[in-house]
Student: 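This is the structure I have questions about; it appears just below.
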Amino acid sequence: MPHIMRRSVVLALTLALVACTGAAEETEGGDGLPVQNPAETYGHDSAEISGTVTLEPNGCWTIDLGDGKRLLVFPAGYTMDNELALMLSPDGQVDVGDGDLITGLGGVVSAEGFPGVPDGFWGNYLAFCEPEIGAFAVVDEITSVDV
């Protein structure tokens with residue numbers, strides 16, 4: 001194998017490894033979870049929020065608040081389960097899955113007012129998921145989940 005081709009393969013493998021291990025900076029786009037970053041502010045007034053959650057075929061989470069879908073941003077600390085089907089609270093007591101009705105505190109923020117749009121993590125997340133949605137539903141706390 002020629003040296004140039006070998007270097008290209010090594011570079012491609014290195015980049016893939018960095019992407020998979022999350023070694024990229026938090027402000028860069030990627031396959032990160034839609035979870036609040038405690039270092040960011042989202043520009044919303046927190047009030048009661050309720051809607052039906054969908055895990056879209058592309059792996060993105062949305063919520064229908066009764067007037068259309070928004071990209072869902074979970075509270076800080078939520079993680080995905082091993083089957084990639086549920087979002088779990090930090091204490092493991094709350095899980096949210098496709099079709100669940102959640103109630104909690106949060107608010108809606110347009111993409112234009114969101115941190116990391118258009119060039120950071122959230123801009124890339126929006127572009128990958130559904131750019132035409134144009135808004136995020138930021139959930140600060142989930143108080144109940146109805147399956």
Side-chain angles (χ1 to χ4, degrees), residues 5 7-90 92 94-147:
M5 184 180 277
R7 287 183 185 150
S8 296
V9 170
V10 169
L11 178 60
L13 290 173
T14 301
L15 290 174
L17 181 60
V18 167
C20 290
T21 61
E25 291 184 33
E26 288 183 27
T27 58
E28 293 179 12
D31 59 348
L33 295 176
V35 176
Q36 290 187 44
N37 178 342
E40 292 178 333
T41 57
Y42 299 99
H44 65 287
D45 293 324
S46 196
E48 186 169 313
I49 192 169
S50 182
T52 302
V53 173
T54 301
L55 177 55
E56 302 291 343
N58 62 4
C60 296
W61 293 89
T62 61
I63 185 169
D64 187 338
L65 301 172
D67 59 352
K69 289 184 178 182
R70 311 289 196 302
L71 289 172
L72 176 57
V73 180
F74 285 89
Y78 269 66
T79 58
M80 189 164 271
D81 74 332
N82 292 335
E83 285 79 38
L84 306 177
L86 299 172
M87 290 294 288
L88 307 171
S89 64
V94 177
D95 60 67
V96 178
D98 184 50
D100 291 350
L101 173 66
I102 65 170
T103 303
L105 299 174
V108 175
V109 182
S110 71
E112 295 82 31
F114 220 70
V117 173
D119 297 325
F121 171 79
W122 292 110
N124 289 335
Y125 189 78
L126 176 66
F128 173 78
C129 290
E130 268 187 84
E132 62 275 4
I133 287 180
F136 294 87
V138 180
V139 180
D140 302 316
E141 177 184 357
I142 295 174
T143 55
S144 71
V145 178
D146 293 321
V147 179

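Along the sequence shown, residues are numbered consecutively beginning with 1.
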Student: So, using side chain to side chain contact (heavy atoms under 4.5 Å, CB included) as the criterion, who are the partners of Val109 when residues are at least two apart?
Tutor: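 Here the qualifying residues are His44, Phe114, Val138.
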
Student: Atom OG1 in Thr62, atom CD in Glu130: separation rounded to 0.5 Å?
Tutor: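 So the OG1 of Thr62 and the CD of Glu130 are separated by 7.0 Å.
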
Student: Checking side-chain contact (heavy atoms from CB on, under 4.5 Å) against Glu141, which of Leu105, Val94, Ile49 comes through?
Tutor: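 Testing Glu141 for a side-chain contact (heavy atoms from CB on, under 4.5 Å) against Leu105, Val94, Ile49 leaves exactly one candidate, Leu105.
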
Student: Do any pairs count as a salt bridge (Lys or Arg N to Asp or Glu O under 4.0 Å) and have a residue in residues 69-80, sequence neighbours left out, and if so which ones?
Tutor: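 Listed once each, the pairs are Glu56-Lys69, Asp67-Arg70.
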
Student: Compare every heavy atom of Ala111 with every heavy atom of Phe136, then report the nearest pair and how far apart it is.
Tutor: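 In this case the closest contact between Phe136 and Ala111 is CE1-CA, 4.1 Å.
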
Student: Please report the interatomic distance CG(Leu72) to CG(Leu65), rounded to the nearest 0.5 Å.
Tutor: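 Separation between the atoms: 9.0 Å.
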
Student: What side-chain donor-acceptor pairs closer than 3.5 Å can you find for residues 97-104, not counting sequence neighbours?
Tutor:
| from | atom 1 | to | atom 2 | distance (Å) |
| --- | --- | --- | --- | --- |
| Asp98 | OD1 | Leu55 | N | 2.9 |
| Asp100 | OD2 | Gly97 | N | 2.7 |
| Thr103 | OG1 | Ser50 | OG | 3.3 |

Student: With sequence neighbours excluded, what pairs up with Leu86 under the side chain to side chain contact (heavy atoms under 4.5 Å, CB included) test?
Tutor: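 So Leu86 forms a side chain to side chain contact (heavy atoms under 4.5 Å, CB included) with Asp81, Leu88, Asp95.
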
Student: Is there a side-chain contact between Tyr125 and Cys60 (heavy atoms, below 4.5 Å)?
Tutor: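 A side-chain contact exists here, since the closest heavy-atom pair is under 4.5 Å.
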
Student: Mind checking the CG-OG1 spacing from Asp140 to Thr143? Nearest 0.5 Å is all I need.
Tutor: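 Asp140 atom CG to Thr143 atom OG1 measures 11.5 Å (nearest 0.5 Å).
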
Student: Test your reading of the model: is there a side-chain donor-acceptor pair from Asn58 to the backbone of Cys129, 3.5 Å cut-off?
Tutor: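 Yes.
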
Student: Which atom names give the shortest non-hydrogen contact between Tyr42 and Asn37, and what distance separates them?
Tutor: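 Where Tyr42 meets Asn37 most closely, the heavy atoms are OH-N, 2.8 Å.
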
Student: Could you check if a side-chain atom of Leu126 sits within less than 4.5 angstrom of a side-chain atom of Leu71, using non-hydrogen atoms only?
Tutor: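 The answer is yes; the side chains approach within 4.5 Å.
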
Student: Which ring pair (Phe, Tyr, Trp, His ring centres under 6.0 Å) pairs, counting each pair once, include a residue from residues 46-70, with sequence neighbours left out?
Tutor: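 Matches after skipping sequence neighbours: Trp61-Phe74.
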
Student: To check you understand the geometry: which heavy-atom pair defines the closest contact between Val35 and Gly77, and what is its length?
Tutor: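 Of all heavy-atom pairs spanning Val35 and Gly77, the closest is CG1-N, 3.5 Å.
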
Student: Taking only residues two or more places apart in sequence, or in another chain, which ones meet Ala76 in a side chain to side chain contact (heavy atoms under 4.5 Å, CB included)?
Tutor: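 If we apply the side chain to side chain contact (heavy atoms under 4.5 Å, CB included) test to Ala76, skipping adjacent residues, the hits are Gln36, Pro38.
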
